[in-house]
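Note sheet for the following structure.
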Amino acid sequence: MPDLEAQIAYLRERMSAAARRADAEMQERRMRRPPPQGLSLAVPGREVGTPAGVHYESVSVMEGSRRHGNFEISRLAALPPDLLAGITEGEAPAAPPETWVFLDTETTGLAGGSGTCAFLIGLGRVTADGFEIRQFFMRDFCEEASQLHAVREALAEAQVLVTYNGKSFDIPLLETRYRMSRARPPFGSIPHLDLLFGARRIWRLRLDSCRLTELETQILGHERDDDIPGELIPKAYFDFVRTGRAGKMGPVFLHNALDIVSLACLTAVVASVFRDGGRAELRHAAEFVAMGRWLRQAGRLGEARELFREAVRRNLREDLLFRTLWDLAAIERKLHAPDAAVSIYADLASCPNAHRRDAMIELAKHYEHRERNLPMALAFTEEARALADDADLRRRRERLLARAGQNGAPRLEF
DNA sequence: GAACCACACGATAAGATTTT
DNA sequence: AAAATCTTATCGTGTGGTTC
């Protein structure tokens with residue numbers, strides 16, 4: 001294959017030609033770009049240069065005395081260093097809040113793959129006297145390399161990275177952006193907490209949706225005015241790049257900043273709930289149920305029982321109440337409190353609800369095997385059959401009748 | 001010893017949800 | 001529209017105990 005070297009040389013030449021063409025295109029773009037009009041008026045900030053070019057950065061600070069909804073910003077700096085230690089992916093060391101970085105991006109779309117890029121990357125940081133947001137913006141696609149470079153530098157000291165759905169959206173997207181500009185993604189070694197899943201565990205049953213903006217209003221009590229909806233953001237950016245008019249970028253930066261502040265405040269809330277198993281932080285009955293289910297699933301049955309009982313004590317909406325009583329009974333049994341379970345089954349069997357029939361069956365088992373009271377077992381079996389008969393129940397009835405007959409007990413007919 | 005019952009545990013699959 | 005979880009339900013399978 002004498003041509004191999006020639007082929008390699010040919011490919012090399014083609015590749016570098018392509019790279020030259022891409023660079024030239026970038027250069028030309030830079031020249032052709034309409035000068036951004038009023039960007040620094042719409043978004044206070046400045047042009048920043050890096051070894052990879054230039055981009056635009058904006059820094060804003062929230063004083064510790066400010067509130068975000070009902071959340072005091074100064075609480076952030078007071079959070080314990082080990083707050084996130086147990087709940088990140090990739091063992092986070094105990095690290096003070098000042099070393100956590102909250103990340104959120106605004107992108108040119110929702111589609112994954114390589115066609116989407118993050119034109120705005122916002123990083124939030126807890127400071128001694130408040131909360132600081134740094135936003136890295138590409139005024140045009142030719143500024144991406146510089147923007148990514150600056151973000152890498154800003155992440156250098158981060159001990160924990162916090163996002164909302166970042167595990168499946170922001171981080172993979174940024175990773176491909178770094179690779180596209182022939183750079184290594186800076187996330188590899190940073191322990192990552194995706195708050196979405198913890199938030200869902202807590203509020204799934206209380207709220208219809210666990211989107212970040214929903215938690216912001218429902219949990220933090222913050223109302224946004226003039227917020228730009230997420231789905232309009234890609235178009236706003238394309239318009240800016242095409243026309244250079246910065247009018248719509250102000251709301252986009254604000255949207256990004258608010259997402260980051262909310263993310264930070266919610267991190268404090270979610271992590272605190274998990275820290276004490278939910279007892280001190282929770283208020284709503286549905287939250288107790290959700291946390292109880294999680295504790296049960298994690299094998300912490302004693303705590304799960306405690307939260308289920310608390311949920312039932314509070315005003316639990318009906319669709320959750322009966323299901324929770326049913327689950328609570330199962331836990332009582334596992335924790336060797338069969339009497340508590342039976343009393344719950346009796347309640348469930350005495351009023352119309354989704355578990356009424358199953359509760360009757362549990363009572364039938366109880367009376368057959370524990371109390372050895374065959375007439376009672378038979379009675380509950382028949383009650384259950386009256387609600388809905390099936391082969392299992394008929395077999396149960398036959399067995400009970402046979403045993404009752406064999407024992408010489410008075411034969412019962414139904 | 002055979003048949004049955006109740007229960008615990010683990011694997012697995014399906015479905016739902018979030019991000020711009 | 002793409003990808004990554006998390007929940008929940010649903011199966012087997014093994015165990016221990018009881019009844020005939």
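Being a predicted model, the structure only gives us computed values, none of them experimental.
Counting only heavy atoms from C-beta on, A:H369 has its side chain closest to B:dC5 among C:dT8, B:dC5, C:dC6. Considering only the side chain of A:T107, B:dT20 comes nearest among B:dT18, B:dA8, B:dT20. Distance from the side chain of A:R201 is smallest for C:dC6 among the nucleotides C:dT18, B:dT18, C:dC6. Ranking C:dT8, B:dT18, C:dC20 by closeness to the A:L196 side chain, first place goes to B:dT18. Nearest nucleotide to the A:S168 side chain, out of B:dT19, C:dT5, C:dA3: C:dA3. Residue A:E368 places its side chain closer to B:dA6 than to any other of C:dA9, B:dA6, C:dT19. Comparing atom distances between the A:F169 side chain and each of B:dA6, B:dC7, B:dT19 picks out B:dT19 as nearest. Among C:dT19, C:dA3, B:dT20, the nucleotide with an atom closest to any side-chain atom of A:L110 is B:dT20. For A:K365, counting side-chain heavy atoms from C-beta on, the closest listed nucleotide (C:dT19, B:dC7, B:dT20) is B:dC7. Side-chain proximity of A:Q297 to the nucleotides C:dT7, B:dC5, B:dT18 is greatest for C:dT7.
Between A:W294 and A:F274, the angle of the ring planes goes over 60°, which puts this pair in the perpendicular group of the 30/60° scheme. Note: A:W326 and A:H355 have parallel aromatic rings, judged against thresholds of 30 and 60 degrees for the angle between ring planes.
Regarding A:N256, its CG atom lies at a distance of 11 Å from the C1' atom of B:dT20, rounded to whole Å. A straight line from CD1 of A:I202 to C1' of C:dC6 spans 14 Å, rounded to a whole angstrom. Note: NZ (A:K248) to P (B:dT20) measures 18 Å, nearest angstrom. Nucleotide C:dA2 holds its C1' atom 16 Å from the CD1 atom of A:I171, rounded to whole Å. At whole-Å resolution of the value, CZ in A:R395 and C1' in B:dA3 are 12 Å apart. Here B:dT17 presents its P atom at 13 Å from CG of A:L207, a figure rounded to the nearest Å. Note: CG (A:L400) to C1' (C:dT19) measures 13 Å, nearest angstrom. Between the C1' atom of B:dT20 and the NE2 atom of A:H255 lies a distance of 8 Å, rounded to the nearest Å.
Phosphate contact (OP1/OP2 of B:dT20, side-chain N/O of A:R211, threshold under 4.0 Å): absent. For the OP1/OP2 pair of C:dT19 and a distance below 4.0 Å, the side-chain nitrogens and oxygens of A:R372 include at least one atom meeting the criterion. Within the 4.0 Å cut-off from OP1 or OP2 of B:dT17, not a single side-chain nitrogen or oxygen of A:R204 is found.
Residue contacts shown for A:D259 are limited to sugar-phosphate atoms, with no base heavy atom under 4.0 Å away. As judged by a 4.0 angstrom heavy-atom cut-off over every strand, A:L173 is placed among residues making no nucleic acid contact. Among the atoms of the strands shown, only primed sugar atoms or phosphate atoms (P, OP1, OP2) are found under 4.0 Å from some heavy atom of A:D104. A:T116 comes within 4.0 angstrom of no nucleic acid atom, judged by non-hydrogen atoms across all strands. A:T163 comes within 4.0 angstrom of nothing in the nucleic acid, heavy atoms only. Heavy atoms of A:R370 sit nowhere under 4.0 angstrom from any nucleic acid atom.
When side chains are defined from C-beta on, A:L282 counts as touching A:I202, because their heavy atoms get closer than 4.5 Å.
Checked options A:D170, A:I260, A:L196, A:L103; the residue passing with A:Y164 is A:L196 (criterion: side chain to side chain contact (heavy atoms under 4.5 Å, CB included)).
Judged by distance alone, with hydrogens and angles left aside, A:R200 brings a side-chain donor or acceptor within reach of the base of B:dT17, the pair sitting under 3.5 Å.
Annotation for A:A271 and A:L83: closest pair CB-CG, 3.5 Å, computed over non-hydrogen atoms.
Counting non-hydrogen atoms of other residues, nucleotides and ligands closer than 6.0 Å to CZ of A:R152 gives a total above 12.
In summary, A:E362 and A:K365 engage in a salt bridge, as defined by a charged side-chain N under 4.0 Å from a carboxylate O.
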